[in-house]
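These notes are about the structure you will find just below.
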Amino acid sequence: MAMVGLFWIAEGDVYVGSKPSGLAPGVRLTPEGVAGLGHRQSGLWLWDDVRALTVEDVPVKSLKRQVGMVVDMALTVGLGGGEDAPSMTVCVETAEAEVELTAYVAAAYGYSQKEYDLSRALLARLTEGAATLLTTLSAMAEWGRSYEGGTPRKELRERLLREWAGQA
């Protein structure tokens, strides 16, 4: 399994954010649609009905953010704080409604601005139509099945995102 931008790719499965376990919230992208996973957000929104797929509250790397996270971690550990993991909101827009799903963030210190921008472009590409969607998800899943060695280096992640977003 590996993180590429906002996506967690485990074998042939593609998630926005980290792969959830148990009742933890998560979002999986399947050939059929966007699947909300976990307690109080399970459901499937078919691609034919999805008009837009966006993300909000995504932590983007900055020096200020990294220093803040170190301070937060020290305070949380020192004061015996909770186990709140950082999360983001995945917005699924259909003709009838906009649904907000929660997904945990996979990047400990946030995502680079470049990977964030490329990931947003890739999410938009997935709503362009069935042929683009299936080709793109298939390429992501195939890469996940064949890649070994954990999360790739920044250069490869950005190249993959550009390729999958149709910007290569």
Side-chain angles (χ1 to χ4, degrees), residues 1-10 13-30 33-47 49-79 81-128 133 136-137 140 144 150-152 154 157-158 160-162 164-167:
M1 58 188 143
M3 182 183 68
V4 179
L6 300 182
F7 306 94
W8 190 261
I9 305 170
D13 296 331
V14 178
Y15 300 88
V16 180
S18 64
K19 179 181 178 179
S21 63
L23 296 176
V27 177
R28 182 174 172 210
L29 305 177
T30 72
V34 180
L37 306 170
H39 185 62
R40 294 191 208 161
Q41 72 173 27
S42 61
L44 178 67
W45 292 266
L46 301 177
W47 287 113
D49 300 329
V50 176
R51 289 184 173 178
L53 188 57
T54 58
V55 289
E56 298 175 354
D57 309 318
V58 176
V60 176
K61 281 184 188 177
S62 70
L63 180 57
K64 182 179 177 182
R65 176 167 177 71
Q66 289 177 344
V67 169
M69 288 191 73
V70 169
V71 170
D72 286 347
M73 286 174 54
L75 289 173
T76 300
V77 171
L79 299 175
E83 299 176 14
D84 292 331
S87 63
M88 61 183 146
T89 304
V90 180
C91 303
V92 182
E93 182 184 325
T94 67
E96 292 80 36
E98 183 173 307
V99 179
E100 293 185 348
L101 303 170
T102 300
Y104 286 127
V105 171
Y109 293 106
Y111 301 94
S112 74
Q113 185 67 50
K114 184 76 166 177
E115 285 186 89
Y116 171 64
D117 292 339
L118 288 167
S119 295
R120 286 181 27 211
L122 177 51
L123 286 169
R125 182 172 173 81
L126 293 174
T127 63
E128 290 178 356
L133 160 73
T136 304
L137 272 182
M140 293 172 80
T151 297
K154 178 183 174 185
R157 293 192 313 262
E158 289 178 3
L160 287 166
L161 288 167
R162 276 192 302 278
W164 296 333
Q167 298 179 5

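The figures that follow rest on heavy atoms only: side chains count, while hydrogens, waters and symmetry mates do not.
Using modelled atom types, one side-chain atom of Tyr111 and one backbone atom of Ala106 make a donor-acceptor pair closer than 3.5 Å. Between the side chain of Trp8 and the backbone N or O of Val105, no donor-acceptor pair lies under 3.5 Å. A donor-acceptor contact shorter than 3.5 Å is absent between the side chain of Arg28 and the backbone of Leu37. Between the side chain of Glu128 and the backbone N or O of Leu133, no donor-acceptor pair lies under 3.5 Å.
Under the side chain to side chain contact (heavy atoms under 4.5 Å, CB included) criterion, Ala24 pairs with Pro20, Tyr104, not counting sequence neighbours.
Closest non-hydrogen pair, Leu161 versus Gly5, comes out as CD1-CA, 3.7 Å. Between Lys61 and Gly110, the shortest heavy-atom contact is CE-O, 3.3 Å. Across all their heavy atoms, Ala121 and Gln167 have their closest contact at CB-NE2, 3.5 Å. Residues Ala103 and Val27 come closest through the heavy atom pair CB-CG2, 4.3 Å. Shortest non-hydrogen contact noted between Leu118 and Glu158 is CD1-O, 3.8 Å. Closest approach of Val58 to Leu6, counting heavy atoms only: CG1-CD2, 3.7 Å.
For the atom pair Arg157 CZ and Lys114 NZ, the distance stands at 13.5 Å (nearest 0.5 Å). Considering CG of Leu123 and CH2 of Trp164, their distance stands at 12.5 Å, rounded to 0.5 Å. In this structure, CG in Asp13 is found 11.5 Å from CE in Met1, a value given to the nearest 0.5 Å. Rounding to the nearest 0.5 angstrom, the gap separating the CG atom in Leu122 from the CG atom in Leu29 is 8.5 Å. In this structure, CZ in Arg162 is found 10.0 Å from CD in Glu115, a value given to the nearest 0.5 Å.
Residues Met140 and Val4 fail the side-chain proximity criterion, which asks for heavy atoms closer than 4.5 Å. In this structure the side chain of Trp45 never reaches within 4.5 angstrom of the side chain of Leu53, judged on heavy atoms. With a 4.5 Å cut-off on side-chain heavy atoms, Leu44 and Thr30 count as touching. At a threshold of 4.5 Å between non-hydrogen side-chain atoms, the residues Val16 and Leu101 do not count as touching.
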Contacts table for residues 86-97: side-chain donor-acceptor under 3.5 angstrom, sequence neighbours left out:
from: Thr89; atom 1: OG1; to: Asp57; atom 2: OD2; distance (Å): 3.0
from: Thr94; atom 1: OG1; to: Glu96; atom 2: N; distance (Å): 3.3
from: Thr94; atom 1: OG1; to: Ala97; atom 2: N; distance (Å): 3.2
from: Thr94; atom 1: OG1; to: Ala97; atom 2: O; distance (Å): 3.1

Check step by step if side-chain contact (heavy atoms from CB on, under 4.5 Å) holds for Tyr15 and Ile9. CA-CA 6 Å; Tyr15 300 88; Ile9 305 170; over 6 Å; no
